[in-house]
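Sequence lines set the chain letters: A, B, ... in the order given, protein chains first and strands last, and positions in each chain run from 1.
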Number of protein chains: 2
Amino acid sequence: MVMTDTQKKTIYDIAKRAGASPSTVSAALNGTWKKRRIAQATAERIIEIAREHGYSANLQARALRTSRSGLVALLMPEYNRFFSNIAQTFSQEVRARNQCPVIISTGRDPDEERSTVADLTSWSIDAIFFVGTVAPDDLSHQCRAAGIPHVFVDQPCAIAPSVVTDSRTGARILTREIIASMTKRGRSFGDDPRETVYFVGGDRTLPSTKNRVDGFSEEMYAQVGQISAKQILASTYDLEAATRTITELYAQLGGLPAGLFINSDSVFEGTLRFLATLPEHELSACSFGCFDYEPFGQLLRFPVHMMRQRHKMLVQRAFALLENETPPVIEYVQPELYRAAD
Amino acid sequence: MVMTDTQKKTIYDIAKRAGASPSTVSAALNGTWKKRRIAQATAERIIEIAREHGYSANLQARALRTSRSGLVALLMPEYNRFFSNIAQTFSQEVRARNQCPVIISTGRDPDEERSTVADLTSWSIDAIFFVGTVAPDDLSHQCRAAGIPHVFVDQPCAIAPSVVTDSRTGARILTREIIASMTKRGRSFGDDPRETVYFVGGDRTLPSTKNRVDGFSEEMYAQVGQISAKQILASTYDLEAATRTITELYAQLGGLPAGLFINSDSVFEGTLRFLATLPEHELSACSFGCFDYEPFGQLLRFPVHMMRQRHKMLVQRAFALLENETPPVIEYVQPELYRAAD
DNA sequence: ACTGGTTGCACAATCGGTTGTGCAAGTGCG
DNA sequence: CGCACTTGCACAACCGATTGTGCAACCAGT
């Protein structure tokens with residue numbers, strides 16, 4: 001490798017070295033030389049020279065001209081376990097397509113989301129993946145106005161292609177598992193408000209929580225024949241709030257209920273803060289289910305059933321939707337049950 | 001907001017609407033109108049028109065002209081808990097500076113790292129943060145050749161500014177805590193190979209593990225007066241390997257040792273896979289320390305002391321080093337001890 | 001030798017900003 | 001009124017690629 005200049009090489013430099021014109025160089029390096037009727041020998045010579053000089057194209061210039069940047073963005077709320085997994089697969093998939101992943105967290109702030117999308121459109125981004133955004137419709141309009149292909153993951157949007165976990169079915173299955181675990185522990189549903197399952201955490205105004213609540217309710221009703229609004233304690237994903245919620249529930253019931261449906265990783269962590277203070281026998285009398293997969297959840301002093309969202313599948317399906325330019329559809333991906341040894 | 005065209009607006013469009021020239025528009029929108037002696041009234045009129053038309057600059061064009069992209073990149077190996085935290089703060093810091101964070105995971109692959117940096121230089125990236133990279137020196141050379149400011153986080157580089165956790169001191173403190181916990185459990189160091197602390201996981205060829213091993217060894221020597229190479233089981237960060245390592249150690253010793261120094265989150269998870277299979281009394285007889293902070297670690301059936309790396313501080317110091325254009329120095333950040341209730 | 005068709009490439013416009021420079025109109029002063 | 005100086009802005013040259021178009025040179029056929 002000749003390190004003559006540390007300066008950036010342009011096609012003009014290469015053209016000079018090769019005794020060719022910039023357009024010829026461009027064609028050679030882009031593989032379009034055949035279409036442009038450049039002699040193979042010339043193309044090869046140019047490619048060789050470019051290699052020697054360590055040429056790499058100025059991507060701004062290319063993007064400016066072609067208005068395609070080769071950037072693909074992922075917007076997500078924060079870096080928790082689930083979203084990090086999504087980010088990881090997203091990264092791999094994008095790079096496998098020879099594009100550059102741009103991952104941005106917006107902290108569940110709608111304004112931040114809007115302004116980020118505005119920024120990204122200024123970058124002539126090729127596509128945007130939205131994960132767990134707050135206001136999908138607005139964002140979709142924004143993208144549509146800028147002509148940017150986009151997909152929603154884990155949060156459905158009525159006016160754009162979306163891929164989401166089938167929360168309702170997942171919640172039914174998880175609820176069934178919790179109930180099975182309860183009966184295995186010899187507990188049955190009765191008039192005592194402790195003798196049932198409680199749903200903790202999440203935000204009912206968001207579709208995913210709403211669907212989980214629905215699934216939970218349906219299964220409860222199917223199996224027990226009744227379900228009370230008091231069993232649903234879902235107002236926020238916040239970790240601290242989850243700790244308070246379970247603490248209050250415990251105080252109110254005078255002990256743990258027979259079963260707990262824990263909505264999401266962060267709620268799990270918050271709940272555990274309180275649970276960790278309880279004696280062994282109280283914990284082993286209660287059946288736990290968590291709608292999210294947390295490896296450490298397998299390793300607690302009591303069994304926890306978990307619903308694992310298939311992040312790889314979610315992302316891959318999202319790419320498929322994008323690439324086929326699908327009309328607005330919502331595609332569902334089934335989560336997997338991790339069944340703890342009871 | 002007037003949504004006349006969904007097409008992109010340029011300064012030329014705005015210029016026409018405002019009856020001004022493109023250069024005037026540019027100056028107005030960039031706030032350089034004072035330097036360019038544009039009348040305040042004109043500038044304000046232009047700004048207003050731009051707002052009305054929802055103008056936003058084409059960043060490729062700007063970057064092409066100025067050769068500054070406003071992009072700041074973070075390269076990291078993968079999205080585990082520690083790196084995700086880093087990514088999160090990085091994101092916030094970059095956006096606070098009105099720039100755009102680009103986060104890319106390279107899966108600990110040196111070739112991937114090289115090619116990613118090459119890509120990034122083609123984007124005239126403004127700066128690169130490297131976290132936990134495999135071959136720092138190569139990357140630093142690459143950046144230097146392209147004239148890109150860069151910083152290493154969590155992995156020192158001899159020829160570029162670096163910010164790393166003070167692993168040696170951290171390891172000494174954690175080791176001290178483990179030993180204190182041991183004596184509290186009535187165990188003392190003896191000839192039985194079980195009656196001591198073992199260091200599990202990590203990669204000794206990497207500086208961070210090496211420093212932790214050093215700190216561990218020093219403290220052991222200081223307190224016990226001896227340390228054997230057999231106590232150090234550090235060959236990889238791999239999760240599965242960690243499970244094997246602890247399983248074998250258990251078999252070899254005929255039980256758990258008196259203390260375990262667990263190197264990193266992933267090793268913790270791997271180790272726990274095995275530990276979770278053991279009965280209560282064996283676990284409570286052993287003292288655990290983990291060099292990484294994992295919230296769920298507080299919630300296990302046995303106490304685990306943890307060293308929390310201060311990711312926020314790491315990232316902020318890294319920005320400071322960049323912004324002050326410091327010569328190659330290695331700056332150390334002390335980790336914090338999380339002391340479990342024994 | 002002249003025509004028509006191909007081959008191989010160079011020219012120049014263009015993407016949308018930034019920025020050095022120049023020039024007219026206005027102001028102040030003697 | 002004339003001159004120097006300031007104010008307010010427009011012009012045009014970039015940045016480095018892509019791409020439509022044009023034009024020599026060569027070839028084959030007549």
Side-chain angles (χ1 to χ4, degrees), chain A residues 5 7-47 49-50 53-71 119 121-125 146-147, chain B residues 5 7-47 49-50 53-70 119 121-124 146-147:
Chain A
D5 304 13
Q7 296 309 338
K8 62 271 170 175
K9 300 288 179 185
T10 72
I11 50 169
Y12 298 92
D13 300 323
I14 305 299
K16 219 166 288 174
R17 291 270 175 287
S21 80
S23 54
T24 304
V25 172
S26 174
L29 296 178
N30 283 318
T32 58
W33 51 271
K34 218 157 189 176
K35 290 187 209 302
R36 291 183 75 81
R37 298 197 318 240
I38 306 296
Q40 179 162 351
T42 312
E44 282 170 356
R45 181 164 44 89
I46 288 174
I47 290 171
I49 292 178
H53 289 355
Y55 168 82
S56 76
N58 181 320
L59 297 180
Q60 328 279 7
R62 172 176 299 164
L64 175 57
R65 184 59 229 257
T66 62
S67 61
R68 298 196 62 253
S69 63
L71 298 172
D119 275 11
T121 66
S122 305
W123 278 111
S124 349
I125 214 103
Chain B
D5 305 13
Q7 295 310 339
K8 64 269 168 176
K9 301 286 179 187
T10 73
I11 50 169
Y12 297 91
D13 299 325
I14 304 299
K16 218 166 288 175
R17 291 271 175 287
S21 80
S23 55
T24 304
V25 173
S26 173
L29 297 177
N30 282 317
T32 59
W33 51 271
K34 218 157 191 177
K35 289 188 207 306
R36 295 192 122 253
R37 298 194 320 238
I38 307 295
Q40 178 161 352
T42 312
E44 282 169 355
R45 181 165 43 89
I46 289 174
I47 291 172
I49 292 178
H53 288 0
Y55 169 81
S56 76
N58 180 320
L59 298 180
Q60 325 281 4
R62 174 175 297 164
L64 174 58
R65 183 60 229 256
T66 62
S67 60
R68 299 195 62 254
S69 63
D119 276 12
T121 65
S122 305
W123 279 110
S124 350

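Nearest to the side-chain atoms of A:Ala20 among the listed nucleotides C:dT18, C:dA10, C:dG16 stands C:dA10. Checked against C:dT19, D:dA10, C:dC9, the side chain of B:Ser26 finds its nearest nucleotide in C:dT19.
For D:dT18, one of the phosphate oxygens OP1 or OP2 lies less than 4.0 angstrom from a side-chain nitrogen or oxygen of A:Arg62. Here B:Asn58 does not reach the OP1 or OP2 of C:dC15: none of its side-chain N or O atoms lies under 4.0 Å away. The shortest distance between the side-chain N/O atoms of B:Ser67 and the OP1/OP2 oxygens of D:dC15 is not below 4.0 Å. Between A:Tyr12 and the phosphate of C:dA10, there is no side-chain N or O to OP1/OP2 separation shorter than 4.0 Å. Considering only side-chain N and O atoms, A:Thr24 lies nowhere under 4.0 angstrom from the phosphate OP1 or OP2 of C:dC9. Look at A:Thr42 and you'll find a side-chain N or O under 4.0 angstrom from OP1 or OP2 of C:dC9.
No donor-acceptor contact under 3.5 Å links the side chain of A:Thr10 to the base of D:dC15. Donor-acceptor pairing under 3.5 Å, judged by distance alone, is present between the side chain of A:Arg37 and the base of C:dG8. The base of C:dG16 does not come close enough to the side chain of A:Arg65 for any donor and acceptor atom to sit less than 3.5 Å apart.
B:Ser56 and A:Ser122 are linked by a side-chain donor-acceptor pair at a separation below 3.5 angstrom, with hydrogens and angles left out of the test. A donor and an acceptor atom, one from each side chain of A:Ser23 and A:Ser26, are nowhere located under 3.5 Å apart.
Within the 4.0 angstrom heavy-atom criterion, only backbone atoms of the sugar-phosphate kind lie near B:Thr66; the bases stay farther away. Heavy atoms of B:Ala27 sit nowhere under 4.0 angstrom from any nucleic acid atom. At the heavy-atom level, A:Ala63 lies nowhere under 4.0 Å from the strands shown.
Between the CZ atom of A:Arg45 and the C1' atom of C:dC9 there is a distance of 11 Å, given to the nearest Å. Regarding B:Arg68, its CZ atom lies at a distance of 14 Å from the C1' atom of C:dT18, rounded to whole Å. Across the protein-nucleic acid pair, B:Trp123 atom CH2 and D:dG16 atom P stand 15 Å apart, rounded to whole Å. One atom, CD1 of B:Ile38, and another, P of C:dT19, lie 14 Å apart when rounded to the nearest Å. Atom P of nucleotide D:dC15 and atom CD1 of A:Ile11 are separated by 12 Å, given to the nearest angstrom. Summarising the geometry, the separation between CG on B:Leu29 and P on C:dT18 is reported as 8 Å, rounded to the nearest angstrom. As rounded to whole Å, 16 Å separates atom C1' of C:dC9 from atom CD of A:Gln40. Atoms NZ (B:Lys35) and P (C:dG20) sit 11 Å apart, rounded to a whole Å.
Rounding to the nearest 0.5 Å places CG of B:Asn30 at 10.0 Å from CZ of B:Arg36. With rounding to the nearest 0.5 Å, the separation of CD1 in A:Ile49 from CD1 in A:Ile14 is 7.5 Å. Residue A:Ile46 holds its CD1 atom at 7.0 Å from CG of A:Leu29, rounded to the nearest 0.5 Å.
Nearest-nucleotide assignment on DNA chain C puts the 5′-proximal partner with A:Gly19, out of A:Gly19 and B:Ala61. Comparing B:Leu64 and B:Ser23, the nucleotide of DNA chain C nearest to each residue sits closer to the 5' end for B:Leu64.
Here the side chains of A:Arg68 and A:Ser124 are not in contact, with every heavy-atom distance at 4.5 Å or above.
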